[in-house]
Amino acid sequence: MTLEAAFFDRPVLEVAPDLIGCVVVHGPTSGIIVEVEAYHHSEPACHGYVGVTPRTSTLYGPPGVAYVYRSYGIHACMNAVCEREGVGAAVLIRALEPLDGVGLMRERRGAVRDEDLCSGPGKLTQALGIGLDLNGTSLLGDGPIRLDARPADRPAPTVLTGTRIGITKAAELPWRFCAADSPHVSRPRLRAA
DNA sequence: TAAACGATGCCCT
DNA sequence: GGGCATCGTTTAC
């Protein structure tokens with residue numbers, strides 16, 4: 001079942017852990033979310049900290065929309081915009097467990113272990129074919145990318161909490177969430193608390 | 001117009 | 001587990 005706007009129109013720290021176990025679908029490829037990070041305009045690690053700019057306008061738009069930005073000049077990273085329009089909050093999708101279209105993912109990603117097909121924010125956008133052109137598109141079922149609730153046949157994951165990765169500002173905030181015991185999370189593993 | 005800076009990934013030890 | 005390539009966007013003159 002596709003997630004609705006009301007799911008995203010909540011505090012970003014509630015939405016982020018709830019996204020663990022949900023499914024990202026783009027074309028023939030899809031994956032289970034196993035790692036996310038929350039970002040909010042009130043803290044300096046967030047792109048929206050500087051306010052509304054051409055780059056962050058999507059972040060300040062309505063919830064349930066994809067915020068796709070370029071990272072380190074090369075990679076694309078995908079977020080789901082949260083909270084009320086105008087707030088400036090989003091959840092960064094950091095890692096997936098590949099579900100459908102694994103052959104196509106291998107084709108796009110090259111020769112890597114299957115655990116590494118989507119084990120990072122730049123990797124998963126490459127594997128699913130998500131580019132900057134999808135910035136601002138809806139995630140609610142009426143756009144190219146869809147976010148579905150956890151499949152009924154999958155057990156509810158145990159969610160671990162930790163600090164965000166690759167940032168220098170507000171690095172101490174425990175705003176990273178990942179599925180316990182998943183081999184598909186990005187590099188620095190999270191210990192059980 | 002120019003310089004600095006990453007919400008990273010890859011290859012090497 | 002750690003260091004470095006890489007280049008668009010942002011911010012400062």
Side-chain angles (χ1 to χ4, degrees), chain A residues 8 11-13 15-17 19-20 22 24 29 31 33-61 63 65-83 87-98 105-136 139 145 147 159-179 182-191:
Chain A
F8 300 98
V12 70
L13 288 176
V15 178
L19 277 174
I20 302 294
C22 295
V24 181
T29 55
I33 299 175
V34 295
E35 181 182 354
V36 299
E37 286 176 2
Y39 286 88
H40 189 267
H41 79 276
S42 61
E43 43 90 14
C46 182
H47 290 169
Y49 189 63
V50 296
V52 182
T53 67
R55 183 199 194 192
T56 63
S57 62
T58 309
L59 193 54
Y60 282 90
V65 165
Y67 167 49
V68 185
Y69 69 93
R70 190 179 300 286
S71 173
Y72 285 86
I74 310 170
H75 315 286
C77 294
M78 179 198 150
N79 300 249
V81 176
C82 295
E83 309 207 10
V87 170
V91 176
L92 169 70
I93 312 296
R94 282 195 58 90
L96 304 175
E97 172 186 334
M105 292 188 194
R106 289 200 193 97
E107 205 171 296
R108 287 168 172 160
R109 290 273 300 129
V112 298
R113 300 179 312 163
D114 278 9
E115 293 82 23
D116 291 330
L117 281 176
C118 300
S119 61
K123 299 177 187 176
L124 72 91
T125 53
Q126 186 188 10
L128 298 209
I130 295 172
L132 296 177
D133 53 315
L134 297 184
N135 182 39
L139 298 171
I145 313 172
L147 275 181
V159 179
L160 301 182
T161 305
T163 53
R164 296 176 293 182
I165 294 176
I167 57 173
T168 57
K169 291 166 283 195
E172 74 287 354
L173 294 177
W175 287 10
R176 175 179 180 233
F177 306 92
C178 70
S182 172
H184 302 274
V185 300
S186 67
R187 201 59 168 143
R189 295 290 173 76
L190 197 57
R191 296 181 323 194

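Here the structure is a predicted model, which means the values were calculated and not measured. FYI, side chains are in, hydrogens and waters are out, and symmetry mates aren't considered; it's all heavy atoms of this structure. Letters A, B, ... mirror the listed sequences (proteins, then strands); counts begin at 1.
Base pairing annotation: C:dT6 forms no Watson-Crick or G-U wobble pair, as no partner gives both donor-acceptor distances under 3.5 Å. For B:dA7, there is no paired nucleotide, since no Watson-Crick or G-U wobble pair has both relevant distances below 3.5 Å.
The aromatic ring centres of A:Tyr69 and A:His47 sit less than 6.0 Å apart.
Per the geometry, CZ belonging to A:Arg55 stands 10 Å off C1' belonging to B:dC5, to the nearest Å. Note: OH (A:Tyr39) to P (B:dG6) measures 12 Å, nearest angstrom. In this structure, CD of A:Glu115 is placed 16 Å from P of B:dG9, rounded to the nearest angstrom. Straight-line distance from the OH atom of A:Tyr67 to the C1' atom of C:dT9: 10 Å, rounded to whole Å. Rounded to whole Å, the distance from CD1 on A:Ile167 to P on B:dT8 is 9 Å. In this structure, A:Asn135 atom CG and C:dG8 atom P are separated by 17 Å, rounded to whole Å. In this structure, A:Tyr49 atom OH and B:dA7 atom C1' are separated by 16 Å, rounded to whole Å. Between the C1' atom of B:dA7 and the CG atom of A:Leu132 lies a distance of 14 Å, rounded to the nearest Å.
Counting any heavy atom pair closer than 4.0 Å across all strands shown, A:Leu92 reaches a base atom. Within 4.0 Å (heavy atoms only), A:Arg70 reaches sugar-phosphate atoms of the nucleic acid but no base atom.
Look at A:Arg109 and you'll find a side-chain N or O under 4.0 angstrom from OP1 or OP2 of B:dC10. Residue A:Arg94 has a polar side-chain atom (N or O) positioned under 4.0 Å from OP1 or OP2 of B:dT8.
Side-chain N or O atoms of A:His41 include one that pairs as donor or acceptor with a backbone N or O of A:Val87 at under 3.5 Å.
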Candidate pair A:Ser186 and A:Glu35, rule side-chain hydrogen bond (donor to acceptor under 3.5 Å, both in side chains), full reasoning | CA-CA 8 Å; A:Ser186 67; A:Glu35 181 182 354; 2.9 Å; yes
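When only modelled atom types and interatomic distance are considered, A:His40 and A:Ser42 share a side-chain donor-acceptor pair under 3.5 Å.
Stacking here means ring centres nearer than 5.5 Å and ring planes tilted less than 30 degrees, and by that measure A:Tyr72 stacks onto B:dG6. The side-chain ring of A:Tyr69 is not stacked on the base of B:dA7, judged by centre separation under 5.5 angstrom and plane angle under 30 degrees.
Residues A:Cys46 and A:Asp116 each lie close to DNA chain B; by heavy-atom proximity, the contact nearer the 5' end of the strand is made by A:Cys46.
Residue pairs meeting the salt bridge (Lys or Arg N to Asp or Glu O under 4.0 Å) criterion with at least one partner in residues 43-61 of chain A, sequence neighbours excluded, are A:Glu43-A:Arg164.
Across C:dC7 and B:dC12, the matching C1' atoms stand 23 Å from one another, rounded to whole Å.
Distance from the side chain of A:His75 is smallest for B:dG9 among the nucleotides B:dG6, C:dT6, B:dG9.
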